[in-house]
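Proteins come first, then strands; the chains are lettered A, B, ... in the order of their sequence lines, and each starts at number 1. In what follows, every heavy atom counts, from backbone to side chain, and hydrogens, waters and symmetry copies are set aside.
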Number of protein chains: 2
Amino acid sequence: MPAQIQNEKYEAILQTAHDLFWKFGIRRVTVEEVCKEAGVSKMTFYRYFSNKNDLAKEVIEKMFSDMYTGYRSLMDQDIPFEEKVKQQLMMKFEGTNEISAELVKDIYGDPGSELFSVWKSRADKIVQVVLDDYKEAQKKGWIRQDLNVEFILYMSNKTVQIASDPQAQAMYPDMQSLIMEIANMFFYGIMPRNIVTK
Amino acid sequence: MPAQIQNEKYEAILQTAHDLFWKFGIRRVTVEEVCKEAGVSKMTFYRYFSNKNDLAKEVIEKMFSDMYTGYRSLMDQDIPFEEKVKQQLMMKFEGTNEISAELVKDIYGDPGSELFSVWKSRADKIVQVVLDDYKEAQKKGWIRQDLNVEFILYMSNKTVQIASDPQAQAMYPDMQSLIMEIANMFFYGIMPRNIVTK
DNA sequence: TATAAAAATACAAATAAAGTAACATATCTT
DNA sequence: AAGATATGTTACTTTATTTGTATTTTTATA
């Protein structure tokens, strides 16, 4: 049994599905389309996946798993906490980590579905991990003690959204300046560095 | 008969369809979806359009008509030709004018269709107008006499594509610098200004 | 309150997508 | 090269979605 080729086809399907689902959501993409794009026959598809839902589930799980791996390897580095948060922000800005709006729409459109609960459980797990890391960092004095950690995460997401708001973009000559401004705001607030709130 | 409301619904359908077709192409978008998004019942839809194809046709025609209007009003301004070309380039860079890849895929996927011929005839017409304008400008000495005008238009399009190539982007600290470099290259080539080719 | 436009509902007809079966071909292993 | 296994092709049935229309109800307005 040629194990490599098996993997190749399987991976091709997964990758193609990821790209298409990313752009168009799940609903608008057909199994045949995925097969064509991946250069795989329909029979081969059904040998690896029992249906589109199954495929979507694996795509989602791989996505979260990759996301988690990336996060973990960043956090395990021996660099200052602030540097880690900065890099996370930057990764989000660059869209590498961003989650597809169309995919989310499809999944949140049917809260009773299996996909919804898979998505939710994986997402919740990551949030939990991040929360724990941040609480730990807070204990160690790497971030302000008087801040609600949940709120920090919330603001971190908002912050990224602002970067894609045309109104905000209009205020800066280029994207880079806007991103810098947002990041600085997120880290240091609006107060000059030498004034310390009690 | 409240003529304004008629127009409102009609315009809403057209605008919604434009946005959806832009994002997903025509194939992936259903009439019901357009109706829902536009806040219009299916019956109302069929009062204004006979089917999805008809809708797509009107969307495309409006798009080209708007494009032409924008181009015309730019060219009719009393500013140097170089300035006009610069502004056109910039508009393209900013994506205002850019044509949707998904839409083009759907339309060019079926060269026998009515939509294809509508698209082609409108596109050809615009190209013809632009060509004429450039030839006129060449006669008046606003651009180099020894250049093939068709080739200038071709390069103008290529030029815009380069701005979205990650490999090119990697060579510059930000988008703005890249765009400036491309624009300068397009206008003046690589030679220093005081050296004139015979 | 009479009237016209639009919405809601329900549905038959058409089209598209999903999924399967039988057989053909390519590719790897030994 | 032989046999096994993965993949492809074609054709087909079933299921789901979309289209387009007819009928009734609601809404706005003049």
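Residues passing the side-chain contact (heavy atoms from CB on, under 4.5 Å) test with Met43(A), sequence neighbours excluded: Ser41(A). Shown here are the ring-ring contact (aromatic ring centres under 6.0 Å, His included) partners of Tyr172(A), two or more places apart in sequence or in another chain: there are none. The ring-ring contact (aromatic ring centres under 6.0 Å, His included) test applied to Phe49(A) returns Tyr10(A), Phe45(A), not counting sequence neighbours.
Checked against dT7(D), dA5(C), dG20(D), the side chain of Arg47(B) finds its nearest nucleotide in dA5(C). Minimum atom distance to the side chain of Lys9(A) is reached by dG8(D), of the listed dG19(C), dG8(D), dA7(C).
Centroid-to-centroid, the aromatic rings of Tyr134(A) and Phe81(A) come within less than 6.0 Å.
Salt bridge status for Glu32(B) with Lys36(B): absent, with no side-chain N to carboxylate O gap under 4.0 Å. A salt bridge is defined here as a Lys NZ or Arg NE, NH1 or NH2 lying under 4.0 Å from an Asp or Glu carboxylate O, and Glu102(A) with Arg28(B) fails to meet this definition. Taking the charged nitrogens against the carboxylate oxygens, Asp19(A) and Lys23(A) have no contact shorter than 4.0 Å, which rules out a salt bridge.
Separating the CZ atom of Phe45(B) from the P atom of dA8(C) is a distance of 17 Å, rounded to the nearest angstrom. One atom, CD1 of Ile26(B), and another, P of dA16(C), lie 14 Å apart when rounded to the nearest Å.
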Contacts under 3.5 Å, N or O only, protein and nucleotides 13-15 of chain D:
none

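Regarding contacts with the backbone of dA5(C), every side-chain N or O of Tyr48(B) stays at 4.0 angstrom or more from both OP1 and OP2.
In the helix from dT1(C)-dA30(D) to dT30(C)-dA1(D), the end axes, each obtained as the rotation axis mapping the C1' atoms of four pairs onto the next four within a five-pair block, lie 50° apart to the nearest 10 degrees.
Between Tyr71(B) and Tyr68(B), the ring-plane angle classifies as tilted under the 30° and 60° cut-offs.
Residues of residues 31-43 of chain A having a heavy atom closer than 4.0 Å to DNA chain D, listed by number: Gly39(A), Val40(A), Ser41(A), Met43(A).
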